[in-house]
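This one's a predicted model, so the numbers in the text were calculated from it and none came from an experiment. Labels below follow one simple rule: chain letters A, B, ... track the order of the sequence lines, proteins then strands, and each chain is numbered from 1.
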Amino acid sequence: MISTKHQKREPNAIDAAIESAAKHLTHCRLCPRNCGVNRTAGERGYCGLDDKAHCFREMLHWAEEAELTPSHQVYFTGCNLRCEYCTVSEWNQEPLTVAEMDLEGRVRAVERRQRQGAKNVNLLGGEPTVSLPGILVLLRRIRTSTQVVLNSNMYYNECVDGLLQGLVDVCLADLKCGNRRCAAALLDAEDYVDVAQRNLRMADRHTDLIVRHLVLPGHMECCTKPVLQWLAAELPRVKVSLRMNYVPPIEGAFAPKQYLTSHEAEAAVCLARDMGLHLIQ
Amino acid sequence: MSQTPYKRKQGDFELRILSDGRLVMVAPDELLLEIAKAFDVNTSPTEQHLECNDAEAGNPGSQ
(Lines give C-alpha, C1' and ligand atoms only; values in the text may rest on other atoms or scores of the structure.)
Protein backbone atom coordinates (compact mmCIF):
# COMPACT_ATOMS: atom_id res chain seq x y z
CA MET A 1 0.00 0.00 0.00
CA ILE A 2 1.33 3.39 -0.93
CA SER A 3 1.15 6.01 1.76
CA THR A 4 0.75 9.63 0.81
CA LYS A 5 2.88 12.34 2.35
CA HIS A 6 1.85 15.16 0.08
CA GLN A 7 -0.96 17.68 -0.03
CA LYS A 8 -2.94 17.62 -3.26
CA ARG A 9 -2.81 20.87 -5.13
CA GLU A 10 -5.95 22.90 -5.67
CA PRO A 11 -7.20 23.33 -9.26
CA ASN A 12 -6.34 27.04 -9.41
CA ALA A 13 -2.83 26.23 -8.23
CA ILE A 14 -2.52 23.70 -11.04
CA ASP A 15 -3.48 26.41 -13.51
CA ALA A 16 -0.77 28.62 -12.08
CA ALA A 17 1.75 25.80 -12.42
CA ILE A 18 0.75 25.24 -16.05
CA GLU A 19 1.18 28.92 -16.78
CA SER A 20 4.55 29.00 -15.07
CA ALA A 21 5.78 25.88 -16.86
CA ALA A 22 4.69 27.29 -20.21
CA LYS A 23 6.65 30.48 -19.54
CA HIS A 24 9.76 28.41 -18.95
CA LEU A 25 9.55 27.18 -22.53
CA THR A 26 10.17 30.62 -24.00
CA HIS A 27 13.73 30.43 -22.68
CA CYS A 28 13.93 26.79 -21.73
CA ARG A 29 15.76 26.02 -18.55
CA LEU A 30 13.71 23.07 -17.38
CA CYS A 31 16.78 20.85 -17.23
CA PRO A 32 20.47 21.37 -16.51
CA ARG A 33 21.24 21.58 -20.23
CA ASN A 34 19.92 25.16 -19.88
CA CYS A 35 19.54 25.44 -23.64
CA GLY A 36 17.69 28.74 -23.37
CA VAL A 37 15.81 28.11 -26.61
CA ASN A 38 12.32 29.41 -27.28
CA ARG A 39 10.40 26.19 -27.71
CA THR A 40 7.16 28.06 -28.28
CA ALA A 41 8.74 29.62 -31.40
CA GLY A 42 9.91 26.34 -32.84
CA GLU A 43 13.45 26.39 -31.53
CA ARG A 44 14.70 23.05 -30.33
CA GLY A 45 17.31 22.33 -27.73
CA TYR A 46 18.99 19.16 -26.53
CA CYS A 47 15.74 17.24 -26.00
CA GLY A 48 14.54 18.14 -29.48
CA LEU A 49 11.04 18.95 -28.34
CA ASP A 50 8.72 21.79 -29.14
CA ASP A 51 6.26 23.17 -26.61
CA LYS A 52 3.86 20.23 -26.88
CA ALA A 53 3.83 16.81 -25.26
CA HIS A 54 4.12 13.84 -27.63
CA CYS A 55 3.07 10.35 -26.53
CA PHE A 56 4.33 7.33 -28.41
CA ARG A 57 2.86 4.50 -26.35
CA GLU A 58 0.43 3.68 -23.60
CA MET A 59 -0.05 0.27 -22.11
CA LEU A 60 -0.94 -1.71 -19.04
CA HIS A 61 2.32 -2.98 -17.64
CA TRP A 62 2.70 -5.91 -15.29
CA ALA A 63 6.40 -5.77 -14.45
CA GLU A 64 6.77 -2.55 -12.53
CA GLU A 65 7.46 -2.77 -8.81
CA ALA A 66 4.83 -5.01 -7.24
CA GLU A 67 3.13 -2.24 -5.29
CA LEU A 68 2.61 -0.29 -8.52
CA THR A 69 1.51 -3.18 -10.72
CA PRO A 70 -0.54 -3.24 -12.89
CA SER A 71 0.50 0.20 -13.99
CA HIS A 72 -0.83 2.32 -16.81
CA GLN A 73 2.30 3.51 -18.56
CA VAL A 74 2.19 6.61 -20.73
CA TYR A 75 5.37 7.15 -22.72
CA PHE A 76 6.47 10.61 -23.81
CA THR A 77 9.05 11.25 -26.51
CA GLY A 78 12.13 13.34 -25.86
CA CYS A 79 14.89 13.06 -23.31
CA ASN A 80 17.62 15.18 -21.80
CA LEU A 81 20.05 12.28 -21.47
CA ARG A 82 21.63 10.10 -24.15
CA CYS A 83 22.06 6.81 -22.33
CA GLU A 84 23.99 4.56 -24.65
CA TYR A 85 21.89 1.60 -23.58
CA CYS A 86 18.50 3.27 -23.95
CA THR A 87 15.94 0.78 -25.21
CA VAL A 88 13.64 3.44 -26.65
CA SER A 89 16.27 5.74 -28.14
CA GLU A 90 14.53 5.72 -31.51
CA TRP A 91 11.66 7.66 -29.94
CA ASN A 92 13.92 10.21 -28.30
CA GLN A 93 16.24 10.97 -31.18
CA GLU A 94 13.35 12.19 -33.33
CA PRO A 95 10.70 13.13 -30.80
CA LEU A 96 8.62 15.30 -33.12
CA THR A 97 7.81 12.50 -35.56
CA VAL A 98 5.12 11.52 -33.06
CA ALA A 99 1.88 13.48 -33.06
CA GLU A 100 1.05 15.95 -30.32
CA MET A 101 -0.66 14.36 -27.34
CA ASP A 102 -4.40 14.03 -27.78
CA LEU A 103 -5.57 15.18 -24.37
CA GLU A 104 -9.08 13.81 -24.59
CA GLY A 105 -7.76 10.51 -25.91
CA ARG A 106 -5.31 10.26 -23.03
CA VAL A 107 -8.02 10.98 -20.48
CA ARG A 108 -10.22 8.29 -21.98
CA ALA A 109 -7.27 5.88 -21.94
CA VAL A 110 -6.72 6.54 -18.24
CA GLU A 111 -10.36 5.73 -17.56
CA ARG A 112 -10.20 2.61 -19.71
CA ARG A 113 -7.02 1.36 -18.04
CA GLN A 114 -8.52 1.95 -14.63
CA ARG A 115 -11.42 -0.29 -15.59
CA GLN A 116 -8.83 -2.88 -16.65
CA GLY A 117 -7.24 -2.76 -13.21
CA ALA A 118 -4.54 -0.10 -13.41
CA LYS A 119 -3.50 1.10 -9.97
CA ASN A 120 -2.01 4.30 -11.29
CA VAL A 121 -0.99 6.31 -14.29
CA ASN A 122 2.74 6.14 -14.81
CA LEU A 123 4.39 8.96 -16.76
CA LEU A 124 7.65 8.03 -18.41
CA GLY A 125 9.65 8.42 -21.57
CA GLY A 126 12.21 9.46 -22.55
CA GLU A 127 12.12 11.88 -19.70
CA PRO A 128 8.64 13.13 -18.90
CA THR A 129 9.70 16.37 -17.22
CA VAL A 130 10.98 17.84 -20.48
CA SER A 131 7.30 17.81 -21.50
CA LEU A 132 6.26 19.43 -18.25
CA PRO A 133 3.55 21.85 -19.47
CA GLY A 134 1.77 19.10 -21.38
CA ILE A 135 2.02 16.75 -18.43
CA LEU A 136 0.56 19.33 -16.09
CA VAL A 137 -2.38 19.81 -18.45
CA LEU A 138 -2.96 16.06 -18.39
CA LEU A 139 -2.65 15.93 -14.60
CA ARG A 140 -5.20 18.70 -14.23
CA ARG A 141 -7.72 16.37 -15.87
CA ILE A 142 -6.86 13.09 -14.18
CA ARG A 143 -5.37 14.14 -10.87
CA THR A 144 -8.33 13.42 -8.66
CA SER A 145 -9.22 10.08 -10.18
CA THR A 146 -5.98 8.15 -10.06
CA GLN A 147 -2.65 7.78 -8.35
CA VAL A 148 0.09 9.54 -10.32
CA VAL A 149 3.55 8.02 -10.74
CA LEU A 150 6.37 10.11 -12.18
CA ASN A 151 9.01 7.83 -13.64
CA SER A 152 11.98 10.14 -14.07
CA ASN A 153 15.71 10.09 -14.65
CA MET A 154 15.83 12.94 -12.07
CA TYR A 155 17.85 15.19 -14.36
CA TYR A 156 15.94 18.43 -14.10
CA ASN A 157 16.25 21.87 -12.59
CA GLU A 158 14.84 22.77 -9.20
CA CYS A 159 11.90 24.69 -10.66
CA VAL A 160 10.47 21.39 -11.95
CA ASP A 161 10.23 19.96 -8.47
CA GLY A 162 8.29 22.98 -7.30
CA LEU A 163 5.85 22.80 -10.21
CA LEU A 164 5.15 19.13 -9.56
CA GLN A 165 4.54 19.43 -5.83
CA GLY A 166 1.07 18.24 -4.90
CA LEU A 167 0.58 16.59 -8.28
CA VAL A 168 2.69 13.46 -8.00
CA ASP A 169 1.98 10.65 -5.55
CA VAL A 170 4.90 8.37 -6.30
CA CYS A 171 8.26 9.38 -7.69
CA LEU A 172 9.79 6.36 -9.38
CA ALA A 173 13.24 7.80 -9.65
CA ASP A 174 16.41 6.65 -11.32
CA LEU A 175 19.85 6.96 -9.84
CA LYS A 176 21.82 5.62 -12.73
CA CYS A 177 25.50 6.18 -12.04
CA GLY A 178 27.80 6.61 -9.09
CA ASN A 179 30.40 8.99 -10.43
CA ARG A 180 30.98 11.78 -12.92
CA ARG A 181 33.15 9.81 -15.33
CA CYS A 182 30.57 7.07 -15.92
CA ALA A 183 27.77 9.62 -16.11
CA ALA A 184 29.64 11.56 -18.77
CA ALA A 185 30.48 8.48 -20.80
CA LEU A 186 27.21 6.57 -20.47
CA LEU A 187 24.61 9.34 -20.18
CA ASP A 188 26.30 12.35 -21.75
CA ALA A 189 25.77 14.24 -18.50
CA GLU A 190 28.83 14.67 -16.30
CA ASP A 191 26.79 16.49 -13.64
CA TYR A 192 24.07 13.83 -13.52
CA VAL A 193 24.92 12.38 -10.12
CA ASP A 194 24.94 15.72 -8.32
CA VAL A 195 21.71 16.84 -9.97
CA ALA A 196 19.89 13.57 -9.38
CA GLN A 197 20.96 13.39 -5.74
CA ARG A 198 19.69 16.92 -5.10
CA ASN A 199 16.39 16.11 -6.80
CA LEU A 200 15.97 12.85 -4.91
CA ARG A 201 16.27 14.73 -1.63
CA MET A 202 13.63 17.19 -2.78
CA ALA A 203 11.26 14.54 -4.14
CA ASP A 204 11.49 12.62 -0.90
CA ARG A 205 9.91 15.55 0.92
CA HIS A 206 6.63 15.51 -1.00
CA THR A 207 6.25 12.14 -2.76
CA ASP A 208 6.46 8.48 -1.94
CA LEU A 209 9.90 7.95 -3.35
CA ILE A 210 11.14 4.73 -4.91
CA VAL A 211 14.74 4.86 -6.13
CA ARG A 212 15.60 2.61 -9.02
CA HIS A 213 19.09 1.62 -9.90
CA LEU A 214 19.79 -0.41 -12.99
CA VAL A 215 22.75 -2.63 -12.17
CA LEU A 216 25.23 -2.36 -15.03
CA PRO A 217 27.58 -5.24 -15.77
CA GLY A 218 31.09 -4.39 -14.63
CA HIS A 219 30.00 -1.23 -12.79
CA MET A 220 29.68 -2.60 -9.28
CA GLU A 221 32.56 -0.65 -7.72
CA CYS A 222 32.19 2.56 -9.69
CA CYS A 223 28.39 2.87 -9.82
CA THR A 224 26.26 0.38 -7.86
CA LYS A 225 28.31 0.52 -4.68
CA PRO A 226 28.52 4.33 -4.43
CA VAL A 227 24.84 4.66 -5.35
CA LEU A 228 23.85 2.31 -2.53
CA GLN A 229 26.26 3.94 -0.11
CA TRP A 230 24.79 7.36 -0.85
CA LEU A 231 21.25 6.07 -0.37
CA ALA A 232 22.19 4.41 2.92
CA ALA A 233 23.73 7.65 4.17
CA GLU A 234 21.28 10.22 2.81
CA LEU A 235 17.94 8.47 2.32
CA PRO A 236 18.18 5.40 4.53
CA ARG A 237 14.44 4.74 4.73
CA VAL A 238 13.68 5.12 1.06
CA LYS A 239 12.45 2.18 -0.99
CA VAL A 240 15.14 0.87 -3.31
CA SER A 241 14.48 -1.15 -6.44
CA LEU A 242 17.44 -2.86 -8.06
CA ARG A 243 16.78 -3.55 -11.71
CA MET A 244 18.61 -6.43 -13.31
CA ASN A 245 17.30 -6.14 -16.85
CA TYR A 246 20.19 -4.41 -18.59
CA VAL A 247 20.18 -4.91 -22.33
CA PRO A 248 23.49 -4.21 -24.05
CA PRO A 249 23.15 -1.91 -27.04
CA ILE A 250 24.04 -3.08 -30.52
CA GLU A 251 26.37 -0.11 -30.78
CA GLY A 252 27.95 1.94 -28.04
CA ALA A 253 31.40 3.12 -27.13
CA PHE A 254 31.19 2.86 -23.36
CA ALA A 255 28.13 0.81 -22.40
CA PRO A 256 28.79 -2.75 -21.24
CA LYS A 257 28.52 -5.20 -24.10
CA GLN A 258 27.46 -8.15 -21.98
CA TYR A 259 24.34 -9.04 -20.02
CA LEU A 260 24.33 -8.96 -16.25
CA THR A 261 25.35 -12.24 -14.70
CA SER A 262 23.40 -13.86 -11.88
CA HIS A 263 26.52 -13.48 -9.73
CA GLU A 264 26.53 -9.70 -10.27
CA ALA A 265 22.83 -9.49 -9.55
CA GLU A 266 23.20 -11.43 -6.31
CA ALA A 267 26.18 -9.33 -5.28
CA ALA A 268 24.20 -6.12 -5.73
CA VAL A 269 21.31 -7.43 -3.63
CA CYS A 270 23.70 -8.61 -0.90
CA LEU A 271 25.41 -5.24 -0.85
CA ALA A 272 22.11 -3.40 -0.47
CA ARG A 273 20.97 -5.74 2.28
CA ASP A 274 24.25 -5.39 4.13
CA MET A 275 23.76 -1.62 4.11
CA GLY A 276 20.31 -2.03 5.61
CA LEU A 277 18.48 -0.59 2.62
CA HIS A 278 14.78 -1.17 2.13
CA LEU A 279 14.74 -3.29 -0.99
CA ILE A 280 11.49 -3.82 -2.86
CA GLN A 281 10.67 -6.08 -5.77
CA MET B 1 24.37 -6.32 -47.46
CA SER B 2 25.39 -3.50 -45.16
CA GLN B 3 28.13 -4.24 -42.67
CA THR B 4 26.77 -1.75 -40.17
CA PRO B 5 24.34 -3.06 -37.54
CA TYR B 6 20.67 -2.44 -38.19
CA LYS B 7 19.48 0.58 -36.26
CA ARG B 8 16.08 0.15 -34.67
CA LYS B 9 13.45 2.54 -36.02
CA GLN B 10 10.25 3.79 -34.47
CA GLY B 11 7.69 0.99 -34.47
CA ASP B 12 10.23 -1.81 -34.84
CA PHE B 13 10.23 -4.80 -32.53
CA GLU B 14 13.58 -6.09 -31.38
CA LEU B 15 13.87 -9.69 -30.30
CA ARG B 16 17.13 -11.33 -29.40
CA ILE B 17 17.81 -15.02 -29.01
CA LEU B 18 20.86 -15.50 -26.85
CA SER B 19 23.31 -18.35 -27.20
CA ASP B 20 22.04 -19.88 -23.97
CA GLY B 21 18.50 -20.00 -25.32
CA ARG B 22 17.12 -16.95 -23.58
CA LEU B 23 14.77 -14.75 -25.52
CA VAL B 24 15.08 -11.02 -24.94
CA MET B 25 12.37 -8.61 -25.98
CA VAL B 26 13.63 -5.05 -26.01
CA ALA B 27 11.18 -2.49 -24.63
CA PRO B 28 8.13 -4.52 -25.58
CA ASP B 29 4.86 -2.80 -26.24
CA GLU B 30 1.52 -4.35 -25.41
CA LEU B 31 1.37 -6.43 -28.58
CA LEU B 32 4.79 -7.90 -27.97
CA LEU B 33 3.84 -8.72 -24.41
CA GLU B 34 0.82 -10.57 -25.73
CA ILE B 35 3.15 -12.56 -27.93
CA ALA B 36 5.29 -13.28 -24.90
CA LYS B 37 2.25 -14.62 -23.10
CA ALA B 38 1.62 -16.91 -26.03
CA PHE B 39 4.99 -18.48 -25.35
CA ASP B 40 3.47 -19.47 -22.01
CA VAL B 41 6.41 -18.34 -19.95
CA ASN B 42 6.71 -16.26 -16.85
CA THR B 43 7.27 -12.64 -17.83
CA SER B 44 8.27 -11.36 -14.44
CA PRO B 45 11.49 -9.35 -14.42
CA THR B 46 13.29 -12.06 -12.53
CA GLU B 47 12.42 -14.78 -15.00
CA GLN B 48 15.56 -15.66 -16.87
CA HIS B 49 14.05 -17.62 -19.73
CA LEU B 50 12.35 -14.57 -21.09
CA GLU B 51 13.42 -11.08 -20.24
CA CYS B 52 10.85 -8.48 -21.05
CA ASN B 53 12.90 -5.39 -20.61
CA ASP B 54 10.81 -2.34 -20.21
CA ALA B 55 11.69 1.03 -21.55
CA GLU B 56 13.20 2.21 -18.35
CA ALA B 57 16.51 0.85 -19.12
CA GLY B 58 17.92 4.02 -20.50
CA ASN B 59 15.54 5.84 -18.74
CA PRO B 60 12.68 4.60 -19.79
CA GLY B 61 12.48 5.38 -19.12
CA SER B 62 15.01 3.51 -16.94
CA GLN B 63 17.26 1.32 -18.39
| task | Considering only NZ, NE, NH1 and NH2 on the basic side and carboxylate oxygens on the acidic side, decide whether B:Lys9 and A:Glu90 come within less than 4.0 Å. | result | no
| field | A:Glu94 bridged to B:Lys7 by N-O distance under 4.0 Å | value | no
| Greater than 12 external heavy atoms within 6.0 Å of B:Leu31's CG | yes
| said: Heavy-atom count check: over 12 atoms from other residues, nucleotides or ligands less than 6.0 Å from A:Arg198 CZ? | reply: yes
Roughly how far apart are [X] [atom1] and [Y] [atom2], rounded to 0.5 Å?
{"X": "B:Asp29", "Y": "A:His61", "atom1": "CG", "atom2": "NE2", "result": "11.5 Å"}
{"X": "B:Leu33", "Y": "A:Met59", "atom1": "CG", "atom2": "CE", "result": "4.0 Å"}
{"X": "A:Thr87", "Y": "B:Arg8", "atom1": "OG1", "atom2": "CZ", "result": "6.5 Å"}

| request: With a 4.5 angstrom heavy-atom cut-off, could you sort out which part of A:Leu186 is near chain B: side chain, backbone, both or neither? | output: neither
| remark: Turns out that what part of A:Ser89 lies under 4.5 Å from chain B's heavy atoms comes down to both
| Nearest heavy-atom pair of B:Glu30 and A:Leu60: which atoms, and what distance? | OE2-N, 3.4 Å
| message | Distance to the ring centre below 6.0 angstrom and angle to the axis at most 45 degrees; does that hold for B:Arg16 and A:Tyr259? | response | no
| Under 4.5 Å between any side-chain heavy atoms of A:Trp91 and B:Gln10, yes or no? | yes
